[in-house]
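Here's the structure we're looking at; comments come further down.
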Amino acid sequence: MPRFLGLVLFLLISAPAANADDGYRLWLKYDLISNPALRKEYASIARFITCSENDPVSKTACLELQAGLQGLLGKPVPVQSSGFKPGTIELVLLPKGTPDTDNLGKDGFKIQPGRGRTAILAAHPSGLLYGAFEFLRYLQTEGKPGELSGVRRPRVQLRMLNHWDNPLGTIERGYAGASLWKWYELPETIDPRYRDYARANASIGINAVVLNNVNASARFLTPEYLPKVKALADVLRPYGIKVFLSINFASPKTLGKLKTSDPLDPQVRAWWQEKVREVYSYVPDFGGFLVKANSEGEPGPQEHGRTHADGANMLAEAFRPHGGLVIWRAFVYGPDPKGDRFKEAYQEFKPLDGQFAPNVIVQVKNGPIDFQPREPFHPLFGAMPKTPLAMEFQITQEYLGFSTNLVFLAPLFKECLDSDTYARGKGSTVARVIDGSVHDYPVTVMAGVANTGSDRNWTWHSMSQANWYAFGRLAWDHQLSSARIAEEWARMTLTQDPSAVATIKDILLGSRETYVRFTTPMGLHHIMGQGIHFGPEPWLARSARPDWTSIYYHRADTVGLGFDRTPQGSNALSLYAPETQQPWSDPNSCALPYLLWFHHVPWDKPLSSGRTLWDELCLQYYAGTDEVAAMQARWETVQPHVDPEWFADVRGRLAVQHREALHWRDACVLYFQTFSRKPLPPGLNPPKRTLEEMKRIVEIYQLR
Ligand code: GCW
């Protein structure tokens, strides 16, 4: 064989398959639609695009539509600025005063299929952008005629990612590599990834981004960093995305060299006003500040004897001339060993309702503790009628197995959004508090702590891309079901094969409950490894603060398990409306997923399942672990239908997840057994490892 032929053969064999999928393209693949009949049908309605608008966002809409259609249909789709030929998709900005414009609002759009022409109508360019992506989604998910037409409007105005990215490129609680933002080479060098990030966000309706960590460095407000922020804002703007920054409340002192950062000090107020003016000189459409104050050691107004409202209002005043917002976080808790962390944000913020300036929004985590695998909704939702409340979800899996575990978060988000606060009677769901319809909030925000990073596939665990997708879709429309979101994502990202789609959807939909079962069943919470928040450490009894230990939360003793939050205990239950309290207040009828959130339950108490607490607990740990094995088996069945690289990646990670589930199961069952002093229920094989061995394994997780 001639030498060069050998080389060619070698290259052919060793080159990755043409369709190898490294995950970079996310759900925006735009590969050729494989069904020829469908392709033909779609091609007949998408032969040309007409777009006469010249603003940057409308132009983006047009180019995205063109690129997407060309990929999906496998042929050029020319763009024209006017004219009409059969098969035209027309992007139309409705003139002000057209009856439809009010109805569509800022970001809404209407798709009107007609004979030979499909119109995408909007009142603002961003509506055209979202309409273009909706049209593409319709093709990508092989939509049926009739599904396309109609008006779509987001239910929440600001659909926002919060990046916990630091100036030196690390990400707090980030598991997908380094920060996307290469601060050291900005503003001169613009990584093409910024644009791809913007596209992905725009395709799911995300329109706001906080670039840096809430544990904020004052550095971002310096003349060294503001040009970098401007460079990023310039890339994101054509995709309809506004930029926000997290700030450090002590900046007047650290950066401005003032004697104090007291929010009522006139010099401090003037400093912030000047600083905000300077920020706007770089980014004229700047969104505002996100603030973590007097929380986990971050500076804030309380050091100066002032309230959260004083601090927020001072900043709000600085933003008023520019139309910007102050998003003030409610994640605060004090180290009171006798207190209950569950109640602290409520006690701090509820009395301030009505005291915040109109351009302040208070951002509340979904649950009262901290992004646990399952939490009851935060009692502040529904309790602050005069203060717009933003939702803060966590997309990065800080407490959900980082990126080695497959956990689809849409069901977690939905469970919280669908909870009823009863603030204005039945149906006052958390979702309706957030979208402003319960209390008529003038500004509405849903934020998610991002799970993106510099890894090629953006999220490290390739299936975690679904969580970024789900967050955006739910921020746009909280009425979408988890099942629909899972199906859309699977079709756009992985396969069109109906049985494989069904299997992937099932895996996704069950995954969060499985994770809860093998880590924190029945309402256990905050029993994970200290510091890194990974793996089980239910025995953790000493830490810098009592509310960072595990025993503070599970309260195991020889009598039973769980945190009594009834009137006999901390009475945190009383923070909820009576109708919300009712199903949780009686240990005999409390739904099992919430039981140990609210009750200290005797080990041998019979539960609604017919088993005792101890038996049920063991069963849950074992069932959760077995469910991971079942996920592994189900994933094997999709092999013929998904990209080999993806398949192998997920297969490997599921194997890791199974090993970790066994750690959780064995560690927790053996540890709680030291209190229950009971054997495992019949049919369950006792762990092969001892508690001491488990402690050693977990200790190794924590080693530096
Ligand atoms: O969940 C905790 C995290 C911290 C985080 C904090 C917060 C950014 O462990 O890493 O800090 O919450 O939300 O402020």
Side-chain angles (χ1 to χ4, degrees), residues 24-28 30 53-68 107 124-126 128-130 132-133 136 158-167 169 171 174 176-213 219-246 278-290 324 447-448 450-459 465 468 472:
Y24 184 79
R25 293 178 301 159
L26 296 159
W27 49 87
L28 301 176
Y30 304 138
E53 304 303 330
N54 263 322
D55 64 274
V57 175
S58 299
K59 277 202 207 145
T60 307
C62 183
L63 292 176
E64 286 292 334
L65 189 59
Q66 184 185 34
D107 292 337
H124 297 272
S126 52
L128 293 183
L129 183 63
Y130 301 131
F133 279 116
L136 290 169
L158 281 174
R159 306 167 297 278
M160 173 180 265
L161 287 185
N162 289 182
H163 288 272
W164 285 358
D165 294 21
N166 298 315
I171 307 179
S179 173
L180 289 172
W181 325 126
K182 296 180 177 166
W183 296 111
Y184 48 87
E185 62 178 39
L186 279 163
E188 289 82 2
T189 304
I190 304 292
D191 186 333
R193 261 188 106 126
Y194 303 151
R195 190 170 152 270
D196 290 332
Y197 163 84
R199 299 177 60 225
N201 279 335
S203 76
I204 48 177
I206 289 171
N207 64 351
V209 163
V210 183
L211 294 174
N212 62 317
N213 191 355
R219 202 158 168 171
F220 290 95
L221 294 179
T222 60
E224 184 204 349
Y225 267 71
L226 287 174
K228 301 172 192 278
V229 172
K230 171 186 161 34
L232 288 176
D234 290 345
V235 181
L236 302 182
R237 188 174 298 111
Y239 284 86
I241 299 171
K242 253 185 205 269
V243 158
F244 288 66
L245 286 174
S246 297
E278 189 188 346
V279 174
Y280 277 91
S281 72
Y282 288 96
V283 185
D285 55 351
F286 184 69
F289 288 161
L290 173 64
N451 65 345
T452 48
S454 62
D455 277 357
R456 179 73 191 158
N457 73 356
W458 304 88
T459 55
Q465 294 181 357
W468 181 6

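All heavy atoms count here, side chains included; hydrogens, waters and symmetry mates do not.
Contact annotation: the side chain of N201 approaches that of W468 to within less than 4.5 Å [non-hydrogen atoms, C-beta and beyond]. Two residues are said to be in side-chain contact when any heavy atoms from C-beta on lie closer than 4.5 Å; Y194 and Y239 fail this criterion. Using a 4.5 Å heavy-atom cutoff, the side chains of Y130 and D107 are in contact. Here the side chains of L245 and F286 are in contact, with some heavy-atom distance below 4.5 Å. Side-chain contact between V209 and H163 is present, with at least one heavy-atom pair separated by less than 4.5 Å. You'll find the side chain of R237 reaches within 4.5 Å of the side chain of D285, heavy atoms only.
For the pair Q465 (side chain) and W458 (backbone), a donor-acceptor distance under 3.5 Å is absent. With hydrogens and angles disregarded, a donor-acceptor distance shorter than 3.5 Å links the side chain of W181 to the backbone of L211. Side chain of N213 to main chain of N166: no donor-acceptor pair is present (N/O by atom type, distance under 3.5 Å, no hydrogens or angles). The backbone N or O of P238 sits less than 3.5 Å from a side-chain atom of T60, completing a donor-acceptor pair. Under the 3.5 Å distance criterion, the side-chain polar atoms of N207 are matched with a main-chain donor or acceptor of R159. Side chain of R219 to backbone of Y225: no donor-acceptor contact under 3.5 angstrom is found.
Between L180 and G453 the shortest heavy-atom distance is CD2-O, 3.3 Å. For P223 against E278, the heavy-atom pair with the smallest separation is CG-OE2, 4.1 Å. Residues E64 and L136 approach most closely at O-CD1, 3.7 Å, considering heavy atoms. Pairing each heavy atom of A198 with each of I241, the nearest pair is O-CD1, 3.8 Å. The heavy-atom pair separating I190 from A231 by the smallest distance is CD1-CB, 3.9 Å. When all heavy atoms are compared, the tightest approach of A233 to V283 is CB-CG1, 3.8 Å.
By the side chain to side chain contact (heavy atoms under 4.5 Å, CB included) test, D55 pairs with E53, V57, S58, L93, P125, sequence neighbours left out. Residues satisfying the salt bridge (Lys or Arg N to Asp or Glu O under 4.0 Å) test with K242, not counting sequence neighbours, are none. In this structure R456 satisfies the salt bridge (Lys or Arg N to Asp or Glu O under 4.0 Å) test together with D22, sequence neighbours excluded.
Taking CD1 from I171 and CG from N212, the interatomic distance works out to 12.0 Å, rounded to the nearest 0.5 Å. To the nearest 0.5 Å, atoms CG (L26) and OG1 (T459) are separated by 7.5 Å. With values rounded to the nearest 0.5 angstrom, L186 atom CG is found 12.5 Å from K230 atom NZ.
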Legend entry - Test side-chain contact (heavy atoms from CB on, under 4.5 Å) applied to Y282 and V243, step by step: CA-CA 11 Å; Y282 288 96; V243 158; over 6 Å; no
Inset, instruction - Under the side-chain contact (heavy atoms from CB on, under 4.5 Å) rule, what do L28 and R199 come out as? Steps first, then yes or no, please. - result: CA-CA 9 Å; L28 301 176; R199 299 177 60 225; 4.2 Å; yes
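Partner Y197 forms a side-chain contact (heavy atoms from CB on, under 4.5 Å) with one of L232, V235, I206, L236 and no other, that one being L236.
Ring pair W183/F220: centre-to-centre distance below 6.0 Å.
Between the side chains of W27 and S203, at least one donor N or O sits under 3.5 Å from an acceptor N or O.
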